[in-house]
Amino acid sequence: MSIESAIDALKPHFGDRISTGQSVRDQYGRNEAWYPPTPPDAVVWPETTEEVSLVARTCNEHGCPIIAWGAGTSLEGHIVAVQGGITLSFDRMNKVLEVHHEDMDAVVQPGVTRKQLNDDLRATGLFFPIDPGADASIGGMAATRASGTCAVRYGTMRESVMALEVVMADGKIIRTGSRARKAANGYDLTKLFVGSEGTLGIITEITVRLHAQPEAISAAICAFEDIEGAVQAVQQTIQMSIPVARIELVDDVCIRAINAYSDMTMPEAPHLFIEFHGTEAGVAEQAEIVGDLCSEFGGSGFEWASRTEDRTRLWAARHNFYYAIKAMCPGRTGYNTDACVPISRLAECLLESRKDVPEGTLMATTIGHAGDGNFHLSYMIDPNDATEVALAKQLADRISERTISMGGTVSGEHGIGIGKRKFMAEEHGDAAWQLMGQIKRTFDPAGILNPGKLVPGN
């Protein structure tokens, strides 16, 4: 029973679609976070669900770990091969299988990215709204329960995934859910796999809910004197049930970096980036109300972007903020963390977390999906400086502890992976976390599916 024997058993079936080459393994050992590269022992590129089943069955027989790989954009070490094994790359399982225009849903393979899906839907008048920033794969987004800038209106992957095809650890293929809009027929296995981070099964097909393209879209930016005012404007907007599509908080440091990276001229102050979807009249009314609210809380310079190219440029600048920060800090990488609290505690949690950073040490940047109480802090570290790495870990841990004490969660969207596993018992209670471990062992007795992540045990 070994990793090597599993690889040898798979080679005759996959030919040049299995690789043990160092350069390939290194590519799949990287991650978008600060974690050091951890390459797998081999990479396999399946093309069908049956081939995924073959890999799972073989690896289960030989006790070989399997790590599912979508686009490699996760931020908590979900895809690093901490115990070696085989990485399953879904680069070749990237087809949009069905689009049901009348029912507003689509069936896709796990390697389809969100941008690819929306490009495919362009002529239908429908779109897929979950937008985590990176061009993540739909399979990875389902596995990590991704969300992003549009969650305040359209929800997260939890609300968007209707049905799944999943390969279990022993190779068995199951289907969960259906294309029906509601059901009352047993355990909700679909929701159990959504967010399981590849520890319970390997997702090979996803049915997602789609939405109609709005008649009118308009975006705006507004500068604030301080973060408190910006958050208060967000709170009032949500409490008044104004149906904003996106409402993002960006701090002054991020604005400075974005200006330089994206050739923009925004005032170097905290900003809200806001987008409205609806009818022409509805969008105009929403924008007027939100503009007045922003003024009440110290907002100024409310600027519109109604042309498609202007809106695209604005949101591209927002999504590229991390690369903008890295460009401003050559040789450094981000130690990125996120938290989500009840919106009434957002300003308090965010400001206290910023104050934690000792003056003259790490540059810290804040950006967040303020409409649902979710924010991100990035500490720009030299990954080769053990002192800086240790300080960033300490600061991130402090955010997690503070968030739990405020009735929040240690991650609103990055997930747990290996980075936040130590907080699971504190947040959920030890009994609930141990129950998660029991579920894992029931689904995966040999512990081969993405071991060392999310749950207690292997």
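Just so you know, these numbers come straight off a predicted model, no measurement behind them.
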Participant: Would L449 and K440 count as a side-chain contact (heavy atoms from CB on, under 4.5 Å) if you check the C-alpha gap in whole Å, the side-chain angles of each, and the deciding distance to 0.1 Å?
Facilitator: CA-CA 9 Å; L449 296 177; K440 160 75 170 172; 3.7 Å; yes
Participant: Could you grab the distance from atom CG of L164 to atom CD1 of I203, nearest 0.5 Å is fine?
Facilitator: 5.0 Å
Participant: When you look at T20 and I7, which way does the side-chain contact (heavy atoms from CB on, under 4.5 Å) test go after all the steps?
Facilitator: CA-CA 9 Å; T20 56; I7 294 170; 4.0 Å; yes
Participant: Checking ring pair (Phe, Tyr, Trp, His ring centres under 6.0 Å) for the pair Y335/Y35: CA distance, chi angles, key distance, verdict?
Facilitator: CA-CA 9 Å; Y335 189 114; Y35 302 102; 7.3 Å; no
Participant: Are the side chain of T58 and the backbone N or O of L54 linked by a donor-acceptor pair below 3.5 Å?
Facilitator: yes
Participant: Roughly how far, to the nearest 0.5 Å, is OG1 of T199 from CG of D444?
Facilitator: 8.0 Å
Participant: Whether the side chain of Q109 engages the backbone of N94 through a donor-acceptor N/O pair (distance < 3.5 Å, no angle test) should be reported.
Facilitator: yes
Participant: Hey, what do you get for CZ (F321) to CZ (F273), rounding to the nearest 0.5 Å?
Facilitator: 11.5 Å
Participant: For R30, look at atom CZ and say whether over 12 heavy atoms of other residues, nucleotides or ligands are found less than 6.0 Å away.
Facilitator: yes
Participant: Look only at the side chain of D251 and the backbone of P270, and say whether a donor-acceptor pair between them is shorter than 3.5 Å.
Facilitator: no
Participant: What pair of heavy atoms forms the shortest contact from S89 to V43, and how long is it?
Facilitator: CB-CG1, 4.2 Å
Participant: F443 and F193: aromatic ring centres closer than 6.0 Å?
Facilitator: yes
Participant: Counting distance only, does the side-chain N/O of S137 pair as donor-acceptor with the main-chain N or O of G111 below 3.5 Å?
Facilitator: no
Participant: Closest approach of Q83 and P65, non-hydrogen atoms and distance?
Facilitator: O-CG, 3.8 Å
Participant: Salt bridge check, D103 against R181: does any charged N sit closer than 4.0 Å to a carboxylate O?
Facilitator: no
Participant: Return the minimal non-hydrogen interatomic distance between V167 and A56, and the atom names on each side.
Facilitator: CG1-CB, 3.9 Å
Participant: Donor-acceptor pair, distance only, cut-off 3.5 Å: does the side chain of R246 make one with the backbone of C150?
Facilitator: no
Participant: Does K453 pair with E197 as a salt bridge, N-O distance under 4.0 Å?
Facilitator: no
Participant: Got N374 and D338 here, is their nearest side-chain heavy-atom distance under 4.5 Å?
Facilitator: yes
Participant: Please check this pair: side chain of Q235 against backbone of I343, looking for a donor-acceptor N/O pair closer than 3.5 Å.
Facilitator: yes
Participant: Using a 3.5 Å distance criterion without hydrogens, assess whether the side chain of K95 forms a donor-acceptor pair with backbone atoms of V108.
Facilitator: no
Participant: Using a distance-only test with no angle check, is there a side-chain donor-acceptor pair under 3.5 angstrom linking E98 and H100?
Facilitator: yes
Participant: Would the Y261 and Y322 ring centres measure less than 6.0 Å apart?
Facilitator: no
Participant: Run the side-chain contact (heavy atoms from CB on, under 4.5 Å) test on R209 and V161 for me, step by step, so that the C-alpha distance in whole Å, both residues' side-chain angles and the decisive distance to 0.1 Å come before the verdict.
Facilitator: CA-CA 6 Å; R209 191 186 305 266; V161 176; over 6 Å; no
Participant: Please determine if E388 and R332 form a salt bridge, counting it only when a charged side-chain N lies under 4.0 Å from a carboxylate O.
Facilitator: yes
Participant: Got D41 and I86 here, is their nearest side-chain heavy-atom distance under 4.5 Å?
Facilitator: no
Participant: Is R17 salt-bridged to E51, cutoff N-O under 4.0 Å?
Facilitator: yes
Participant: For the residue pair E165 / T204, report whether a side-chain donor-acceptor contact shorter than 3.5 Å exists.
Facilitator: yes
Participant: Judged by modelled atom types alone, do T403 and S400 share a side-chain donor-acceptor pair under 3.5 Å?
Facilitator: no
Participant: With a 4.5 Å heavy-atom cut-off, do I173 and V166 have their side chains touching?
Facilitator: no
Participant: Taking atom types as modelled, find out whether Q22 and R25 have a side-chain donor-acceptor pair closer than 3.5 angstrom.
Facilitator: yes
Participant: Parallel, tilted or perpendicular: which fits the ring planes of H319 and W315, with parallel below 30° and perpendicular above 60°?
Facilitator: tilted
Participant: How many angstroms lie between CH2 in W433 and NE2 in H428, if you round to the nearest 0.5 Å?
Facilitator: 10.0 Å
Participant: Could you point out which residue of R345, R398, R402 forms a salt bridge (charged side-chain N to carboxylate O under 4.0 Å, His left out) with E352?
Facilitator: R402
Participant: For the pair R57 and D170, find out whether any cationic side-chain nitrogen is under 4.0 Å from an anionic carboxylate oxygen.
Facilitator: no
Participant: Taking side chain as C-beta onward, heavy atoms only, is K420 less than 4.5 Å from T337?
Facilitator: yes
Participant: Has D120 got a side-chain atom pairing as donor or acceptor with Q116's backbone, closer than 3.5 angstrom?
Facilitator: no
Participant: Spell out, as yes or no, whether a donor-acceptor pair under 3.5 Å connects the side chain of T124 to the backbone of L126.
Facilitator: yes
Participant: Between K115 and D135 (salt bridge meaning N to carboxylate O under 4.0 Å), is one present in this structure?
Facilitator: no
Participant: Start with the C-alpha gap between T144 and H78, add the side-chain angles, then the distance that decides, and say whether side-chain contact (heavy atoms from CB on, under 4.5 Å) holds.
Facilitator: CA-CA 9 Å; T144 56; H78 303 84; 4.2 Å; yes
Participant: Check whether more than 12 heavy atoms from other residues, nucleotides or ligands sit under 6.0 Å from atom NZ of K191, and answer yes or no.
Facilitator: yes
Participant: Provide the closest heavy-atom pair for A446 versus N60 in the form atom of the first, atom of the second, distance.
Facilitator: CB-OD1, 3.6 Å
Participant: Can you name the nearest heavy-atom pair linking A230 to L272, along with the distance?
Facilitator: O-CD1, 3.7 Å
Participant: Let me confirm one number: the CG-CD1 distance from D252 to I227, rounded to the nearest 0.5 Å.
Facilitator: 7.0 Å
Participant: Using a 4.5 Å cut-off on heavy atoms from C-beta on, say whether the side chain of V208 contacts that of M162.
Facilitator: no
Participant: Looking at R175 and E205, is there a salt bridge between them, counting it only when a charged N and a carboxylate O are closer than 4.0 Å?
Facilitator: yes
Participant: Would you compute the distance between atom OG1 of T38 and atom CD1 of I67 and round it to the nearest 0.5 angstrom?
Facilitator: 10.0 Å
Participant: With a 6.0 Å cut-off on the ring centroids, do Y28 and W69 count as close?
Facilitator: yes
Participant: Hey, are T176 and T190 close enough side-chain-wise for a donor-acceptor pair under 3.5 Å?
Facilitator: yes
Participant: With sequence neighbours excluded, give me every ring pair (Phe, Tyr, Trp, His ring centres under 6.0 Å) pair touching residues 350-397.
Facilitator: H369-H376, H376-H414
Participant: Provide the closest heavy-atom pair for C340 versus G412 in the form atom of the first, atom of the second, distance.
Facilitator: CB-CA, 3.8 Å
Participant: So do L377 and I399 actually touch side chain to side chain, heavy atoms under 4.5 Å?
Facilitator: yes
Participant: Under a 4.5 Å cut-off applied to non-hydrogen side-chain atoms, are M141 and P132 in contact?
Facilitator: yes
Participant: Please determine if D105 and R179 form a salt bridge, counting it only when a charged side-chain N lies under 4.0 Å from a carboxylate O.
Facilitator: yes
Participant: Would you indicate whether the side-chain heavy atoms of R313 and S262 approach each other to under 4.5 Å?
Facilitator: no
Participant: Is the backbone N or O of T365 less than 3.5 Å from a side-chain atom of R354, with the two atoms forming a donor-acceptor pair by type?
Facilitator: no
